[in-house]
Amino acid sequence: MIQSRSLKHSVPYIISILFTILFLYAAITKLLDYAQFKLQLQQSTILSGYASSIAWIVPLAEIGVAFTLLLDRFRLYALFASFVLVTLFTTYIVLILNFSDFIPCSCVGVMSALGWTGHIYLNIFLVALSVVGIFFNSGKQKYFFKNTT
Amino acid sequence: MKTKFLKFILPAFAIMMAIGLAFASETETVSRIGYYDHPILGVQSAMVSDDCKPDGALLCKFNGYQLYDEPSLSTELGKN
């Protein structure tokens, strides 16, 4: 029982710390290389029309989710948001690789070493990780709401 | 002490690590820009995929236009 309660707290917490590092890292690299990130979006056949707004929305959303993950009370919502973000990124990469004439370079940060295919595998792993976090945290959140209402 | 570590020190360390990593890898960023001759707009720039290099065998194109290494359009980019 104690072990189960400890798992319900520590698993989402560790996953949240990992996602915080990942999202903050991704957001800052995008903002540091904003011009290149925007240029890549402009050249994407799927997002070219919304490149300017998306170039701001994506890193700001990542920063927002990264800090919300650190707040115990809102962790479940942040884990859901992480799941949505990572799923959207994965869908975008799959669409770009399969249906776009032009594949933008994967040249920002660790992406250069990873490549697009490696990035897809990493994203699938992250989607699974967010699901695990949601699963463990939802049990804890139910307990929290039961005791506060 | 354990609660303080989990609530403040570990998240702060995670934030600092992410910021540090982002700045550290920023210097490794490879910016590859290719150029192409647009019939109406003239010489335009485009991001080039990593495997497009000067004098590669399979020519690299952007929207059907040949990509070059310089704005002078002298060296063609291609894949090996």
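Here is the naming used below: chain letters follow the sequence lines, and residue numbers restart at 1 for every chain. Computed from a prediction, not measured in an experiment: that's the story for all the values here. Excluded from the calculations below are hydrogen atoms, water molecules and symmetry mates; all remaining heavy atoms, backbone and side chain alike, are included.
Inter-residue side-chain proximity for A/Ser82 and A/Leu69 is flagged as met; some heavy-atom pair is nearer than 4.5 Å. Proximity of B/Leu77 to B/Tyr68: side-chain heavy atoms (C-beta onward) are nowhere separated by under 4.5 Å. Looking at heavy atoms from C-beta onward, B/Tyr65 lies in side-chain contact with B/His38 at the 4.5 angstrom threshold.
With a 4.5 Å cut-off on non-hydrogen atoms, A/Tyr13 touches chain B through its side chain but not through its backbone. With a 4.5 Å cut-off on non-hydrogen atoms, A/Ile21 touches chain B through its backbone and its side chain both.
Most heavy-atom pairs under 4.5 Å with chain B: of the set A/Ile17, A/Thr20, A/Leu22, A/Leu18, this distinction falls to A/Ile17.
Taking each heavy atom of A/Ser52 and A/Tyr34 in turn, the nearest pair found is O-OH, 3.9 Å.
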